[in-house]
K.L.:
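Sharing a structure, written as structure tokens. Questions coming.
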Amino acid sequence: MEFSDNISRGRDASPRKRGPVELRRAQARAPQSDQYLLDGADQTHFTHTDPWRVLRIQSEFVEGFGTLSELGPAVSVFGSARSMPGSPYYKLGEEVGRLLAEEGLAVITGGGPGSMEAANRGAVEAGGISVGLGIELPFETGLNDWVDLGINFRYFFVRKTMFVKYAQGFIVLPGGFGTMDELFEAMTLVQTQKVTSFPIVLIGTDFWSPLMDWVRGTLLAEGMISEKDLALIHIVDDPAEAVELMIADSAGHVAP
């Protein structure tokens, strides 16, 4: 009896379409999409739904692709947001930005302070193209003053796509969690052949050697990576050598 009552209650709404979705029985009594849009009491609720987020994500990709598609050869430079102006790491970032610009390469950073600002500044002072790809963070206040072409993103994964798609390699200065995140993601993309001929150069032997000792002594020793994976990166101290490696190794770069 209960089953038949459920069936009869479901018959009061005819099957209907909602875009590509077909609704039947109780589901067919759901409000129409236009009703949500035009007659909803909460006028902001829809901007927090997943379908709306998909459109927002799509718009970020379109904006990034449209802005950077004619950028030309570029290198993404990563490093700490906490490097202070005048410090050794900041000066290192300035030198890297200058050398890349002198080679005709645009400099792409995360657009923040510290080493990112330094690389943007070096590029600008050398007459090059300075790009900043910012992200919403609670402790940063927007793009640094040395960014000439800037885009702010809501979503990390969209921003990361731009770092890789429009660069022919990465130069990584000393940094923290964010820098490590970009470094290991780049290594994974090369290891899995999502990108090819994509050089990754770390600057600062003293800073990076302990990490690489752990990679060799633990990851390689435990069989978590193979010997050839260690060849994915270069470690140097001289910014000029880093730029030379970037140019030499990136000749056959193919974007994903």
K.L.:
Taking only residues two or more places apart in sequence, or in another chain, which ones meet Glu60 in a salt bridge (Lys or Arg N to Asp or Glu O under 4.0 Å)?
P.N.:
none

K.L.:
Please check if the distance between the ring centroids of Tyr155 and Phe157 is under 6.0 Å.
P.N.:
yes

K.L.:
List in chain and number order the residues that pass salt bridge (Lys or Arg N to Asp or Glu O under 4.0 Å) with Glu185, two or more places apart in sequence or in another chain; answer none if no residue qualifies.
P.N.:
Lys160

K.L.:
Quick check on the hydrophobic clustering: are Val190 and Trp208 connected, directly or via other members, by side-chain heavy-atom contacts under 4.5 Å?
P.N.:
yes

K.L.:
Got a sec, which hydrophobics cluster with Val54, joining ILVMFWY side chains under 4.5 Å apart, including via others?
P.N.:
none

K.L.:
Measure from the side-chain N and O atoms of Arg159 to the backbone N and O of Gly110, and report whether any donor-acceptor pair falls under 3.5 Å.
P.N.:
yes

K.L.:
Would you please indicate yes or no on a ring centroid separation below 6.0 angstrom for Phe198 and Phe170?
P.N.:
yes

K.L.:
Could you list all the side-chain hydrogen bond (donor to acceptor under 3.5 Å, both in side chains) pairs where at least one residue sits in residues 62-73, not counting sequence neighbours?
P.N.:
none

K.L.:
With a 4.5 Å cut-off on side-chain heavy-atom distances among I, L, V, M, F, W and Y, is there a chain of contacts connecting Tyr89 to Met84?
P.N.:
no

K.L.:
Looking only at atom types and distance, does a side-chain atom of Asn120 sit under 3.5 Å from a main-chain N or O of Val131, one as donor and one as acceptor?
P.N.:
yes

K.L.:
Just verifying a value: how many Å separate Glu244 CD and Glu103 CD, rounded to the nearest 0.5 Å?
P.N.:
8.0 Å

K.L.:
Taking only residues two or more places apart in sequence or in another chain, which ones pass side chain to side chain donor-acceptor pair (under 3.5 Å) with Glu125?
P.N.:
Arg121

K.L.:
Can Ser80 and Ser115 be counted as having a side-chain donor-acceptor contact under 3.5 angstrom?
P.N.:
no

K.L.:
For Ser87, which residues count as a side chain to side chain donor-acceptor pair (under 3.5 Å) partner, sequence neighbours excluded?
P.N.:
none

K.L.:
For the OG1 atom of Thr109 and the CZ atom of Phe163, what is their distance to the nearest 0.5 Å?
P.N.:
6.5 Å

K.L.:
Give a yes or no on whether a salt bridge exists between Glu94 and Lys91, defined as a side-chain N under 4.0 angstrom from a carboxylate O.
P.N.:
no

K.L.:
Please determine, by modelled atom types, if Ser130 and Asp148 share a side-chain donor-acceptor pair under 3.5 angstrom.
P.N.:
no

